[in-house]
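Below, read A as the first sequence line, B as the second, and so on, with proteins coming before strands; counting in each chain starts at 1.
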Amino acid sequence: MRYWLMKSEPDAFSIDDLARVGTEPWTGVRNYQARNFMWKEMAVGDGVLFYHSNAKVPGVVGVARVATEAYPDPTQFDPESDYWDPKAAIDAPRWFLVDVAFERKLKDVISLDVLRANAGRLGDFVLLNRGTRLSVLPVTPAQWRTILELEPK
DNA sequence: GCCAACGTTGGC
DNA sequence: GCCAACGTTGGC
């Protein structure tokens, strides 16, 4: 089993939204590297750190699981969608996603500040790399453990 | 295949 | 709302 971090803007879709709906198709990823993680590397049951970006306090706010195999993101075919991709075809999809299932909300946010303060323990962590804007990124088992140990009591 | 222009991300 | 960083696009 592998581990991941997935970013969402809470104004658009928050951990509370995920708690309410239970499972959510992770639509709208339009970055090839992020797509490839979902398409080629994720497996059902993988652990997901749910991260709030563009938030008052950016950071990890919950734990989720990969709930499905990858499948084509339906929004790419929908001209009404913000995520419509005119270059995508039903028989030649460009974008893939997985469904993400709620597991739990953390007692409090593990802020980006706290993550940075523990950068030494986290080692080489994609999230903290300079200029990283990936919205889906890998987390090592050691990083997963370390981050969840930082959860406020 | 280069690279300038442009759009987006996301912290602040 | 600003803007640095970076990915994508498209002309050549």
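In terms of position on DNA chain C, the residue among A/Asn31 and A/Lys87 whose nearest nucleotide sits closer to the 5' end is A/Asn31. Looking at which nucleotide of DNA chain C each of A/Arg94 and A/Gly131 is closest to, the 5′-most match is held by A/Gly131.
Classified by interplanar angle (parallel below 30°, tilted 30° to 60°, perpendicular above 60°), the ring pair A/Phe13/A/Phe50 is tilted.
To the nearest 0.5 Å, atom CZ of residue A/Arg65 and atom CE of residue A/Met1 are 4.5 Å apart. Note that CG of A/Asp85 and CZ of A/Phe77 are 9.0 Å apart. Values are rounded to the nearest 0.5 Å.
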Contact string for nucleotides 5-12 of chain B, one letter per nucleotide 5' to 3', B = base within protein heavy-atom range under 4.0 Å, S = sugar-phosphate only, - = neither, reads --BBBBBS
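The residue A/Arg30 sits apart from the nucleic acid: no heavy atom pair falls under 4.0 Å. Using a 4.0 Å heavy-atom criterion, one finds that A/Lys56 contacts no nucleic acid atom at all.
Under the 3.5 Å distance criterion, with hydrogens and angles disregarded, no donor-acceptor pair is assigned to the side chains of A/Asp78 and A/Tyr83. Side chains of A/Ser53 and A/Arg133: a donor-acceptor N/O pair is absent below 3.5 angstrom, by distance only.
We find that A/Asp73 and A/Arg35 are not joined by a salt bridge, their nearest charged nitrogen and carboxylate oxygen being 4.0 Å or further apart.
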